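The structure under discussion appears below in the form of structure tokens.
Whatever order the structure lists ligands and atoms in, that order sets their numbers, starting from 1. Just so you know, these numbers come straight off a predicted model, no measurement behind them.
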Amino acid sequence: MQNHLIEPSEVEQIIQQVSYKASIITVTLFDAVGKVLAEDIYADRDFPPFNRVAMDGIAVNFSEIEKGTHQFKVEGVQAAGSPQMTLQQTENCLEVMTGAMLPQNVDVVIPYEWTKKDGDIMIVEDFNNIQSFGNIHQKGSDHKEGSLILKSGSAITSAEIGLLATVGKHEVKVYSSPKFAIIATGDELVNVEDTPAPHQIRMSNCHTIQSRLQEEGLDSTIFHLKDDYEDLKQSIQSLFDEYDIFVFSGGVSKGKFDYLPQVFEELGVTKKFHGVKQRPGKPFWFGVTAKNQPIFALPGNPVSTYLCTNRYLIPWLYDQKAISAPLVKKYATLAEDFTFKKPLTFFLQVKAYYDKDGKLWAEPVKGGGSGDLTSLVKANAFLELEGQRSDFSKNEKLPIWFYKK
Ligand SMILES: Nc1nc2c(c(=O)[nH]1)N[C@H]1C(S)=C(S)[C@@H](COP(=O)(O)OP(=O)(O)OC[C@H]3O[C@@H](n4cnc5c(N)ncnc54)[C@H](O)[C@@H]3O)O[C@H]1N2
Ligand code: MOO
Ligand SMILES: [Mg+2]
């Protein structure tokens, strides 16, 4: 029986409706990078918390500058990390260091570079840029105490870590990582460390999927199941008890030993689709278990597995807040004419690069089809050529899916 094939855009819609229920956990700040924030973060103090000296120099009272005073006796030194000092005599100055609290009774900082020292007197030589509150990072000018500075759902990168540290979040609420099972199927597969017999190959898909997830900060466990109907049924059933998300590779096409769709059906899994109007990756199967656990059963050819991982699984994980760095849809310009046989959307392997004007070009990479792993390392992205037509011209702007950063 012929499967009903759906468009790549429908795949996106269907998988988006399936949600992995990410739970919220508390981690220390040091384990938070790469996670997604699960709480709103407010400023615990003003940003900055005091009038912060922004240049090393002297602090004076601006009214003295207006009066034309240009020599100031040094009363003392206000260092960063010392309590606030007070200028006693308005006509004097205090030396002040970047990061220090601005002393009381002063309202301008004059950098050392604009002054000359003569004993305990500082002589101002350059008045050109002196203005009231110059070189002072004013209290609360960035954010007021209590204001929202990071929204729940934000990706925690090294930049956010700085902000979380500043407001004292040594423990942070984040979305937990799902438990992933990656299942390689096929009697022909042997382990990486084994020497394959002439009729065997080493398994690679499970490792590309696992490392792709690892690149996004997610752990997973690999299993290898043989093409034995009863074994598959038993093993998969027990995996359902242990894991949240399942990514299979192989065993979903029309072969005599492509048992997965039938096994899933017998295990009560609801099929959402089987077959996508795309090349590679046409036999992609997707469904959910009775407990609503998603199953991505990806076609076994290595380029198909890899394309489906990058085009569907990774963006879905981003939607689920399981990963923080989106694999966003971007657009690139086709660098040469390209023709393929419609009507399946064609995911063209391309080498994408920016030219000196900042324009993103996509140059087709010649490969041996969806079984050719070597083409994946020559290319760095897939260009999505929709299947309504066969001829695409140089300079056309098309959606691109990067898998290398
Ligand atoms: N009569 C038809 N035959 C095929 C069709 C079709 O529509 N009608 N579709 C073809 C397409 S397209 C693809 S893609 C493959 C998908 O096959 P399966 O998902 O059933 O995968 P397998 O048959 O198990 O294996 C296919 C191929 O991939 C290799 N493989 C599988 N797992 C791994 C792994 N973990 N690491 C490396 N390589 C793996 C496997 O050895 C096979 O060479 O079906 C076409 N056939
Ligand atoms: O389309 Mo299959 O996914 O070519 O190998
Ligand atoms: Mg097969």
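- A donor-acceptor pair shorter than 3.5 Å can be found between the side chains of Thr98 and Asp56.
- Which of Cys206, Gly251, Ala297, Pro280 comes nearest to atom 22 (P) of ligand 1 through a heavy atom is settled by distance: it is Gly251.
- Under 4.0 Å is where a charged nitrogen must lie from a carboxylate oxygen, and between Lys366 and Glu336 at least one such pair does.
- Within the protein, the N, O or S atoms lying under 2.8 Å from the Mg ion (ligand 3) are Asp258 OD1, Asp258 OD2.
- Distances between N or O atoms of Arg202 and those of ligand 1 include no value under 3.5 Å.
- Taking all atoms of both residues into account, the shortest heavy-atom contact from Ile222 to Cys206 is CD1-O, 3.6 Å.
- Of the listed residues (Ser253, Gly371, Gly300), the one carrying the non-hydrogen atom nearest atom 31 (C) of ligand 1 is Gly300.
- At distances below 3.5 Å, not a single donor-acceptor pair connects side-chain atoms of Glu64 with backbone N or O atoms of Asn61.
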Nitrogen or oxygen contacts under 3.5 Å, ligand 2 side and protein side:
| unit_1 | atom_1 | unit_2 | atom_2 | d |
| --- | --- | --- | --- | --- |
| ligand 2 | 1 (O) | Gly281 | N | 3.0 |
| ligand 2 | 3 (O) | Gly281 | N | 2.3 |
| ligand 2 | 3 (O) | Ser304 | OG | 2.4 |
| ligand 2 | 4 (O) | Ser370 | OG | 2.7 |
| ligand 2 | 5 (O) | Asn301 | ND2 | 2.6 |
| ligand 2 | 5 (O) | Ser304 | OG | 3.1 |
| ligand 2 | 5 (O) | Ser370 | OG | 2.2 |

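- The heavy atom nearest to atom 34 (C) of ligand 1, considering only Leu298, Val252, Asn205, is found in Asn205.
- Annotation: Lys404, atom NZ; neighbour count of heavy atoms from other residues, nucleotides and ligands within 6.0 Å is above 12.
- If you check which protein heavy atom lies closest to atom 27 (C) of ligand 1, you get Asn301 OD1, 3.2 Å.
- Between the choices Gly369, Pro299, Pro283, the shortest heavy-atom distance to atom 11 (C) of ligand 1 belongs to Pro283.
- For the side-chain contact (heavy atoms from CB on, under 4.5 Å) test, residues two or more places apart in sequence or in another chain that qualify with Lys173 are Ile24, Thr26, Ala38, Glu39.
- In the candidate list Arg279, Lys254, Gln200, Lys254 is nearest to atom 2 (C) of ligand 1, counting heavy atoms.
- The side chain of Asp258, and not its backbone, has at least one atom closer than 4.0 Å to an atom of ligand 1 (non-hydrogen atoms only; side chain from C-beta on).
- Of all atoms in ligand 1, numbered sequentially from 1 with element shown, those under 4.0 Å from a heavy atom of Ile201 are 37 (C), 38 (N), 41 (O).
- Not counting sequence neighbours, the partners of Glu215 by the salt bridge (Lys or Arg N to Asp or Glu O under 4.0 Å) test are Arg212.
- Not a single heavy atom of Ser370 lies less than 4.0 angstrom from ligand 1.
- When heavy-atom distances to ligand 1 are checked against a 4.0 Å cut-off, Thr305 has no atom that comes that close, whether in backbone or side chain.
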Start with the C-alpha gap between Cys308 and Phe347, add the side-chain angles, then the distance that decides, and say whether side chain to side chain contact (heavy atoms under 4.5 Å, CB included) holds. CA-CA 10 Å; Cys308 291; Phe347 285 96; over 6 Å; no
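- Taking a cut-off of under 4.0 Å to the non-hydrogen atoms of Ser249, the atoms of ligand 1 that pass are 32 (N), 35 (N).
- Distances below 4.0 Å separate heavy atoms of Ser304 from the following atoms of ligand 1: 14 (S).
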